[in-house]
Amino acid sequence: MSEQVLTRKQSRILRELNTVIAVMGREITVLLKSPMSVILMFVMPIFMMGLIGGNIMGITGGEGLGTFMLVGMLVTMLFMMTSMGMSSLVDDHETDFNQEILVSPVSRYSLVIGKILGATFGAIVSMAGTLIVGLVMGITLPIDQLLLILALSPLMCFAGGAMAMILIGLIKNRKTANNAIMLLVLPQMFLSGAIIPINESSTALLALSRIMPMTYCIDLARAITDIGTPMFNPLINFAAIAIITIVCLVVGTYFFASSEKNR
């Protein structure tokens, strides 16, 4: 009897894993079949890193700000592009793909996790675009620091994707979802210390930054790369990211599954 139970558990785990891989593969395939989407992922860093960051560097004239900003923008692009990639769930809602998955004997979390992993691929592409823009601006990172950020990228992408799930569960219009996600991400870019240090911010802005998941992602990246002055211990950052991600993932997936059932 125990062997049968173990076999069923193994079968279920494999089924969930296959679902995650299938959904992730579908997202990557759809992205690669859309050249404009890939181009956008390279153009976005030009705007974010080149225009915004370049102007700030020109105003402050700080040479050390370049590397500080590059780390922040790498994390921002991972966070932003994963969040925007989750809006494909709205398209799947209209084509009934979500319904087909949810009526099958698999967990709704497998669908969501597969989507986040698929969106992570696009976020990594944008990360490469950011590095190219930084290179043009004369800003580079040592390979060991870059590899550390790359190792952390899945955690940061999960944080962005989980946060976006709450909006996706409430909004069923692609354009509205994209606008809402941008309104959610852009303030975090300026208040989380991505471009300029926030250690000396006023009490109100500092308190607001503490509830933003991107703050902990950027602070963790700076702590392990030793670029800038981190606000928290890396373990605190990691714990904060994990807690926020789990809470957002559970709440967002609940809203998403409820909206699909109530169609």
Side-chain angles (χ1 to χ4, degrees), residues 20 24 71-87 89 107-120 122-124 126-127 148-171 177-178 180-195 197-199 201 203-225 228-259:
V20 170
M24 178 183 66
V71 173
M73 292 309 299
L74 286 173
V75 176
T76 298
M77 295 311 301
L78 288 172
F79 205 92
M80 177 183 294
M81 300 311 295
T82 305
S83 298
M84 293 180 65
M86 295 302 291
S87 62
L89 280 168
S107 170
R108 57 187 181 269
Y109 289 104
S110 297
L111 169 61
V112 173
I113 292 173
K115 283 284 183 179
I116 294 177
L117 291 175
T120 298
I124 296 296
S126 283
M127 182 178 174
L148 284 172
I149 294 177
L150 189 61
L152 286 174
S153 60
L155 176 65
M156 298 169 182
C157 289
F158 259 92
M163 182 190 66
M165 274 305 301
I166 296 179
L167 292 177
I168 299 300
L170 299 173
I171 300 173
N178 280 332
I181 289 173
M182 289 299 291
L183 288 174
L184 191 63
V185 173
L186 284 179
Q188 294 190 68
M189 182 183 72
F190 292 103
L191 297 176
S192 64
I195 300 178
I198 60 173
N199 303 63
S201 299
T203 304
L205 293 178
L206 197 62
L208 186 59
S209 71
R210 294 296 190 269
I211 63 175
M212 295 180 172
M214 195 187 294
T215 298
Y216 302 99
C217 291
I218 292 174
D219 200 56
L220 177 60
R222 294 220 169 96
I224 65 168
T225 56
T229 304
M231 296 181 292
F232 305 108
N233 182 283
L235 292 178
I236 295 177
N237 284 318
F238 188 89
I241 296 169
I243 292 171
I244 293 173
T245 299
I246 292 172
V247 171
C248 289
L249 188 64
V250 171
V251 174
T253 303
Y254 172 79
F255 286 157
F256 165 70
S258 298
S259 66

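FYI, side chains are in, hydrogens and waters are out, and symmetry mates aren't considered; it's all heavy atoms of this structure.
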>> Which heavy atom of Ala151 sits nearest to which heavy atom of Pro154, and what is that distance?
In response: O-CD, 3.4 Å
Just distance, no hydrogens or angles: give the donor-acceptor pairs under 3.5 Å from side chains in residues 158-170, sequence neighbours left out.
none

> Which residues pass the side chain to side chain donor-acceptor pair (under 3.5 Å) test with Thr253, sequence neighbours left out?
Replying inline: none
> Among all residues two or more places apart in sequence or in another chain, which pass the side-chain contact (heavy atoms from CB on, under 4.5 Å) test with Met24?
Replying inline: Ile28, Leu117
>> Could you measure the distance from the CE atom of Met73 to the OG atom of Ser126? Nearest 0.5 Å is fine.
In response: 10.5 Å
> Taking all atoms of both residues into account, what is the closest heavy-atom pair of Ser110 and Val20, and its distance?
Replying inline: O-CG2, 3.6 Å
> Taking only residues two or more places apart in sequence or in another chain, which ones pass side-chain contact (heavy atoms from CB on, under 4.5 Å) with Ser153?
Replying inline: Leu78, Ile124, Leu150
> At their closest point, which heavy atom of Ala123 faces which heavy atom of Thr82, and how far apart are they?
Replying inline: CB-OG1, 3.4 Å
> Testing Val75, Ile181, Leu184, Leu186 for side-chain contact (heavy atoms from CB on, under 4.5 Å) with Met80, which one passes?
Replying inline: Leu186
> Are side-chain heavy atoms of Gln188 and Pro213 found at a separation under 4.5 Å?
Replying inline: yes
>> Applying ring pair (Phe, Tyr, Trp, His ring centres under 6.0 Å), can you list everything that pairs with Phe79, at least two apart in sequence or on another chain?
In response: none
>> Using the side-chain contact (heavy atoms from CB on, under 4.5 Å) criterion, which residues pair with Leu152? Sequence neighbours excluded.
In response: Met156, Leu220, Ile224
> Going by heavy atoms in the side chains, are Leu191 and Thr215 under 4.5 Å from each other?
Replying inline: no
> For Tyr254, which residues count as a ring pair (Phe, Tyr, Trp, His ring centres under 6.0 Å) partner, sequence neighbours excluded?
Replying inline: none
Side-chain donor-acceptor pairs of residues 231-250 under 3.5 Å, sequence neighbours excluded:
residue	atom	partner	partner atom	Å
Asn233	OD1	Leu235	N	2.8
Asn237	ND2	Asp219	OD2	2.9
Thr245	OG1	Ile241	O	2.7

